[in-house]
Enquirer: 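Dropping a structure here in structure tokens format, bear with me for questions.
Within every chain, numbering begins at 1; the chains are lettered A, B, ... in the order of the sequence lines, protein sequences first and strands thereafter.
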2 protein chains.
Amino acid sequence: MSQKLFVSAQEVAEKAGVSRSAVSRTFTSGASVSPKTRQKVLDAAEALGYHVNHLARGLMRNESGIVCLIVSEIGTPYRSALLRALTQQLQNSGKVAMLINTDRSDGSVDLALRQAIRYRADASVILSGLPDKSITDLCLKNGQRLVLINRDDDREGPLKINLDDADAAARIATAFVRAGCRKLAFANSQAGTPSLMAREHGFVAAAKALGLDVVVERFGHTGYESGRVVAQQLLTRKERPDAVFCATDLLACGFMDAARHQFSMSVPDQICVAGFDDIEQACWSSYGLTTFAQPVETIAREAVSWLVSEAEPENHTVRLHADLVWRTSIRGG
Amino acid sequence: MSQKLFVSAQEVAEKAGVSRSAVSRTFTSGASVSPKTRQKVLDAAEALGYHVNHLARGLMRNESGIVCLIVSEIGTPYRSALLRALTQQLQNSGKVAMLINTDRSDGSVDLALRQAIRYRADASVILSGLPDKSITDLCLKNGQRLVLINRDDDREGPLKINLDDADAAARIATAFVRAGCRKLAFANSQAGTPSLMAREHGFVAAAKALGLDVVVERFGHTGYESGRVVAQQLLTRKERPDAVFCATDLLACGFMDAARHQFSMSVPDQICVAGFDDIEQACWSSYGLTTFAQPVETIAREAVSWLVSEAEPENHTVRLHADLVWRTSIRGG
DNA sequence: TCAGCTTTTGCAAGCGTGTGCAAATGCTGC
DNA sequence: GCAGCATTTGCACACGCTTGCAAAAGCTGA
């Protein structure tokens with residue numbers, strides 16, 4: 001166990017022949033230090049390998065510079081893409097990301113938020129799950145900011161970033177009909193998160209408005225394997241659908257693979273497929289999936305700029321548009 | 001701006017009618033508190049919404065509980081899978097992950113490590129890039145632990161976790177030959193990281209030992225698109241290879257897609273393909289990629305257990321075995 | 001030279017916690 | 001009741017930093 005501690009401002013001050021305040025001021029922007037003192041401090045700091053202790057600084061300033069990202073299923077293409085964008089933007093704004101994985105049990109979002117409080121995070125971004133109201137209230141009361149992404153909650157205080165899921169669903173229904181499809185289906189998981197359900201309900205409603213019924217099938221969690229299972233369920237029915245909207249791209253990939261390799265169907269000739277998220281794999285040529293693009297960069301930008309803003313912004317919910325990316329899994333276009 | 005601060009141990013002490021030390025001891029394991037004082041403190045803390053300030057605790061104990069994960073290309077399947085495993089294991093051990101994204105410029109690994117020092121991280125895990133010696137020395141001198149994953153560096157102090165890349169390459173060369181292939185190729189990116197080069201050199205050497213030459217082609221960064229480009233380069237030669245080992249699964253997916261859809265070749269009948277990493281997509285039925293599995297769970301377990309161990313362990317480098325996962329992209333088996 | 005002003009500097013208090021030490025408390029056995 | 005002991009409690013200092021305040025230093029113009 002190495003007993004040597006990090007070098008402190010005190011030691012730098014002694015070496016530079018100035019007071020401890022001077023070295024502190026050298027490292028705080030907007031403080032009053034004369035150029036030559038500043039230089040003496042900088043030299044001494046460099047020589048000693050001094051780095052400001054952000055734990056102590058956070059303690060004093062009551063602002064840690066930490067932002068908590070609370071997320072499950074980190075290994076998933078969409079989640080990891082969003083994570084990438086968020087960490088990037090946070091770092092650009094001088095913040096640092098604390099990553100909390102909530103894969104294990106339910107209620108672990110609350111645990112995660114507690115961790116955020118312990119480290120006095122300036123803000124938390126929730127990508128999955130929905131925390132208990134009591135605990136978000138605690139966060140907000142103490143000036144900690146909160147961003148909910150695709151969570152569709154109605155409480156006051158946090159910034160909510162949502163997509164126009166229902167509208168997108170309606171657009172894809174129209175596209176299917178225009179491609180000549182009449183037997184519509186929706187492939188979903190059993191996760192039941194707000195955005196997934198919004199897509200499902202929006203699709204069913206839009207189809208109804210067009211005079212069509214929708215067969216809805218749900219299975220397991222939101223991944224490739226579930227897509228295969230749902231395909232199994234939908235394609236063994238007496239009447240096969242000729243168009244299926246999958247709640248996410250992962251489901252769509254699983255669905256397409258099963259349709260092609262297990263049921264020897266041709267996409268899009270015999271069945272049209274659409275997805276949601278526009279993960280990297282969607283444009284791989286084995287899929288060429290027509291899908292809605294999650295605007296991850298925009299989401300990250302909105303979230304971070306709100307987090308770091310000085311004033312309390314007026315509008316606490318932002319609704320973003322999901323662009324339809326047209327590829328080859330739907331006829332025509 | 002909400003001026004209310006978080007509740008402190010002092011306030012809890014007053015409410016519970018005990019001294020501040022008592023509440024501190026209540027929340028430090030292994031401290032001496034009588035059951036009834038403890039209960040009074042717990043009740044008061046619950047009522048007030050008290051949470052220990054880990055910044056202050058870290059300052060006192062000289063142990064922040066933070067572990068820095070330094071990683072680039074977070075959105076990539078293999079990286080995000082490793083990230084998932086690491087955060088999971090860290091949380092199980094009572095640590096918390098600070099995520100630093102080094103996608104932008106080179107040398108940003110040094111910046112990242114500086115950030116780790118500022119927050120007095122107990123340890124850093126480096127998944128990409130290689131920091132300057134001067135800065136890793138600084139980390140180590142101050143008792144900060146360091147783990148290098150697949151970085152193949154020879155300095156003393158950090159834990160190095162590596163795979164048997166060269167051995168794996170030799171095994172796959174044998175498998176190709178056994179499948180009747182004679183015209184071998186290797187598909188790589190231009191990243192030139194130690195593990196990629198170890199696979200390349202290992203493959204070339206093993207082929208040579210078997211009396212065969214290898215055509216090596218490299219392009220761009222290590223992703224799907226580069227796989228396609230390399231396929232372009234390899235499959236337009238006068239003599240097409242009949243087996244190609246791709247440095248990673250992403251390259252392999254790109255290669256297979258180009259071979260099939262652009263050159264109308266059949267895998268594995270006309271060309272055998274193997275990859276490395278065993279990303280989720282490798283087992284998707286459009287690929288069925290025969291590949292080497294990165295033991296992400298084991299890597300994470302090794303890293304974390306070393307990080308949290310009390311004593312300085314003796315062996316500072318662990319070499320893990322990559323299992324060959326046999327699917328359908330190589331004939332026979 | 002000095003009054004009047006602005007800029008720089010050092011002092012010291014405080015942020016919220018852990019912990020060594022000595023005093024206080026509780027318990028046991030006579 | 002009391003000596004002898006183990007356990008619990010409170011005091012006070014330390015951790016490394018920021019910052020208000022007042023003293024010191026520098027600068028200008030007569």
Enquirer: Hey, does the side-chain of A:S19 have a donor or acceptor N/O within less than 3.5 Å of a partner on the base of C:dC11?
Expert: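 Per atom types, no contact qualifies.
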
Enquirer: Does A:S32 make a side-chain N or O approach to OP1 or OP2 of C:dT7 shorter than 4.0 Å?
Expert: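 So the side-chain polar atoms of A:S32 never come under 4.0 Å of the phosphate oxygens OP1 or OP2 of C:dT7.
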
Enquirer: Nearest-Å distance, CD (A:E14) to P (C:dG10)?
Expert: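 Rounding to the nearest Å, CD of A:E14 and P of C:dG10 are 13 Å apart.
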
Enquirer: So, A:S24 versus A:S21: side-chain donor-acceptor pair below 3.5 Å or not?
Expert: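 The answer is no; no qualifying pair exists.
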
Enquirer: Expressed in angstrom and rounded to an integer, what is the separation of A:E63 atom CD from D:dC17 atom C1'?
Expert: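 Distance, rounded to whole Å: 14 Å.
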
Enquirer: Quickly work out the B:R25 CZ to D:dT9 P distance and round it to whole Å.
Expert: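 Interatomic distance, CZ of B:R25 to P of D:dT9: 8 Å.
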
Enquirer: Would you tabulate the pairs of protein nitrogen or oxygen atoms and nucleotide nitrogen or oxygen atoms of nucleotides 15-17 of chain C closer than 3.5 angstrom?
Expert:
residue	atom	partner	partner atom	Å
C:dT17	OP1	B:Y50	OH	2.8
C:dT17	OP1	B:N53	N	3.1
C:dT17	OP2	B:A9	N	2.5
C:dT17	O4	B:R20	NH2	3.4

Enquirer: With no hydrogens and no angle check, just 3.5 Å: does a side-chain donor-acceptor pair link A:Q39 and A:D43?
Expert: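 Result is yes, a qualifying pair exists.
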
Enquirer: Rounded to whole Å, how long is the line connecting atom CZ of B:R61 with atom C1' of D:dG16?
Expert: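 Taking CZ of B:R61 and C1' of D:dG16, I get 17 Å after rounding.
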
Enquirer: Does a donor on one side chain and an acceptor on the other come within less than 3.5 Å for B:R25 and B:S32?
Expert: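 The answer is no; no qualifying pair exists.
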
Enquirer: For B:S21 and A:V33, take the nucleotide of DNA chain C holding the closest heavy atom to each; which residue's nucleotide lies nearer the 5' end?
Expert: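 Its nucleotide being nearer the 5' end, the pick is A:V33.
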
Enquirer: Roughly how many Å is it from NZ in B:K36 to C1' in D:dT9, rounded to a whole number?
Expert: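 The distance from NZ of B:K36 to C1' of D:dT9 comes to 12 Å, rounded to the nearest Å.
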
Enquirer: When you measure from the side chain of A:Q91 to the backbone of B:I100, do you find a donor-acceptor pair of N or O atoms at a distance under 3.5 Å?
Expert: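 Here the side-chain-to-backbone pair does not exist.
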
Enquirer: When the distance from CG of B:L55 to P of D:dA14 is rounded to whole Å, what number comes out?
Expert: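 About 22 Å, once rounded to whole Å.
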
Enquirer: Check the distance between D:dG16's P and B:R118's CZ and give it to me in whole angstrom.
Expert: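 Answer to the nearest Å: 18 Å.
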
Enquirer: Aromatic rings A:F27 and A:Y50: how do their planes relate, parallel, tilted or perpendicular, breaks at 30° and 60°?
Expert: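 Rings of A:F27 and A:Y50: tilted, as their planes differ by 30° to 60°.
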
Enquirer: Which donor-acceptor pairs under 3.5 Å do side chains of residues 117-133 of chain B form with protein atoms, sequence neighbours excluded?
Expert:
residue	atom	partner	partner atom	Å
B:R118	NH1	B:Q115	OE1	2.7
B:Y119	OH	A:S64	O	2.7
B:R120	NH1	A:H51	O	3.4
B:R120	NH1	B:I117	O	2.8
B:R120	NH2	A:H51	O	3.0
B:D122	OD1	B:S64	N	3.0
B:D122	OD1	B:S64	OG	3.4
B:D122	OD2	B:G65	N	2.8
B:D122	OD2	B:K95	NZ	2.9
B:S124	OG	B:Q144	OE1	3.4
B:S128	OG	B:S72	N	2.7
B:S128	OG	B:S72	OG	3.2
B:D132	OD2	B:S134	OG	2.8
B:K133	NZ	B:D137	OD1	3.4
B:K133	NZ	B:D137	OD2	3.2

Enquirer: Heavy atoms under 4.0 Å, any strand shown: does B:S34 hit a base, just sugar-phosphate, or nothing?
Expert: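 Touches sugar-phosphate only.
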
Enquirer: Starting at CG of A:L146, measure out to CZ of A:R155 and round the result to the nearest 0.5 Å.
Expert: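 CZ of A:R155 is found 8.0 Å from CG of A:L146.
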
